[in-house]
Asker: 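Quick one: the structure is below, and I'll ask about it shortly.
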Amino acid sequence: MKALDYNTGQKPVWCPGCGNFAIWNSIKKALAEAGVEPHRLALVSGIGCSGKMINHVRAYGFHGLHGRTMPVATGIRLANPDMKVLVNGGDGDGYGMGVGHFVHSMRRNVDLTYIVHNNKVYGLTTGQASPTNDVGSPSKSTPFGVVDEPLNPIAIAIDAGATYVARGFSGDSEQLAELILGGLNHNGFALIDVFQPCVTFGGKYQYEYYQERVVKIENHDVTDADAALKLSKTKDKLPIGLFYKAEGHPSYNEMHPEIEKAQVRKRDVTALLEELV
Ligand code: SF4
């Protein structure tokens, strides 16, 4: 399949210039490269502008409640190991409302690819500060500036047990597609945090802000968790690329042989039924 084959024909209603467009393109490119057929793909979205992604990618789609993508995605992954499960949500959804589910899914190493549109605001509700916004930034909910320290999703993911941890930038959709492809091909929990400017309500966090600060990760041992953690705490610059990758850790499905056995039985029955038809 080609990237364009994943189009549904529905026209996105995101604001012109929104980083969601580049993420959409990167997702389709990575899916085509990975050879994931639409009938083998479940796309789970949370609430937010990013949640509309399920309207624009040919796949089975589930638009969950705010912050509840992980339980739904875990259920799909356990119930049908033949499905690739791609989760797509915003930073408010995943790192605010859904942070508990986020952490527990990573410690279980559920085999999911989780793309987080990190624009530091709740865009759909017109610009309240999200948990990744920096101290001092004004927003609709913090007119005198944010006072809470920002959450570091990369550091949390490495510590919590995610086995593929990356960060992309919607201003570099080529690299982002490669990072998503790496996540799709990984067995275990893959986080791809994405700097994505909200051009309408994002305040100072626009393309120029990121273009001045992002640096591609180079000369880094992605198997070294301590080095990855240190890299995630870089000051002044914003590293993008693959921070951490651990091979050989069983995924949640593999930790439950009884589920795998049930699936094998189900596949046998399905094959038998197909033979009979
Ligand atoms: Fe994108 Fe922000 Fe517009 Fe939502 S409000 S579509 S995040 S630019």
Side-chain angles (χ1 to χ4, degrees), residues 3 6-30 43-57 59 61-69 86-99 102 113-134 137-143 145-146 150-151 153 166-177 179-180 191-214 238 240:
Y6 292 90
N7 281 343
T8 60
Q10 289 208 39
K11 211 170 158 195
V13 292
W14 296 312
C15 308
C18 175
N20 287 341
F21 288 98
I23 299 175
W24 178 39
N25 281 329
S26 299
I27 288 174
K28 290 184 290 181
K29 197 170 172 201
L43 180 57
V44 180
S45 270
I47 300 294
C49 296
S50 58
K52 297 187 177 108
M53 193 68 77
I54 59 162
N55 299 332
H56 310 303
V57 177
F62 192 105
H63 203 156
L65 297 175
H66 204 199
R68 309 295 173 228
T69 55
L86 182 61
V87 188
N88 177 85
D91 51 328
D93 183 84
Y95 302 153
M97 194 78 77
V99 72
F102 173 53
T113 305
Y114 185 26
I115 299 170
V116 181
H117 301 223
N118 182 356
N119 56 18
K120 298 179 184 275
V121 290
Y122 291 82
L124 190 67
T125 49
T126 72
Q128 297 76 23
S130 85
T132 54
N133 211 312
D134 298 308
S137 287
S139 75
K140 275 197 179 162
S141 57
T142 57
V146 171
L151 180 148
R167 172 178 275 152
F169 169 40
S170 65
D172 187 343
S173 64
E174 286 294 317
Q175 186 205 34
L176 180 56
L179 294 172
I180 296 171
L191 170 71
I192 299 109
D193 180 77
V194 187
F195 289 136
Q196 174 247 312
C198 168
V199 294
T200 307
F201 300 111
K204 68 178 181 183
Y205 302 107
Q206 301 300 324
Y207 286 97
E208 304 74 37
Y209 175 90
Y210 290 108
Q211 272 150 359
E212 283 165 14
R213 290 166 178 80
V214 293
L238 300 169
I240 52 172

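In what follows, every heavy atom counts, from backbone to side chain, and hydrogens, waters and symmetry copies are set aside. Atoms within each ligand, like the ligands themselves, are counted from 1 in listed order.
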Asker: Do D93 and R68 meet the salt-bridge criterion of a basic N to acidic O distance under 4.0 Å?
Answerer: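 Salt bridge between R68 and D93, a charged N being under 4.0 Å from a carboxylate O: no.
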
Asker: Decide if the gap between the ring center of W14 and the ring center of H56 is smaller than 6.0 angstrom.
Answerer: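 Centroid distance W14-H56: below 6.0 Å, so yes.
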
Asker: Just checking K11: does its NZ atom have more than 12 heavy atoms from other residues, nucleotides or ligands closer to it than 6.0 angstrom?
Answerer: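 Count not over threshold, so no.
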
Asker: Under a plain distance cut-off of 3.5 Å, with no hydrogens placed, do Y122 and S141 share a side-chain donor-acceptor pair?
Answerer: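 No pair is found: no donor N or O on one side chain lies under 3.5 Å from an acceptor on the other.
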
Asker: Anything protein N/O/S under 2.8 Å from atom 1 (Fe) of ligand 1? Just list residue and atom, please.
Answerer: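 Protein N/O/S atoms under 2.8 Å of atom 1 (Fe) of ligand 1: C18 SG.
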
Asker: Taking side-chain contact (heavy atoms from CB on, under 4.5 Å) as the definition, give me every residue that meets it alongside V199, ordered by chain and number, with sequence neighbours left out.
Answerer: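 Here the qualifying residues are C15, Q206, Y207.
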
Asker: Output the list of atoms in ligand 1 that are nearer than 4.0 Å to some heavy atom of F201, sorted by atom number.
Answerer: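 Within the 4.0 Å cut-off of F201, ligand 1 contributes 5 (S).
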
Asker: Side chains of S130 and D91: do they bring a donor and an acceptor to under 3.5 Å?
Answerer: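 Side-chain D/A pair, S130 to D91: present.
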
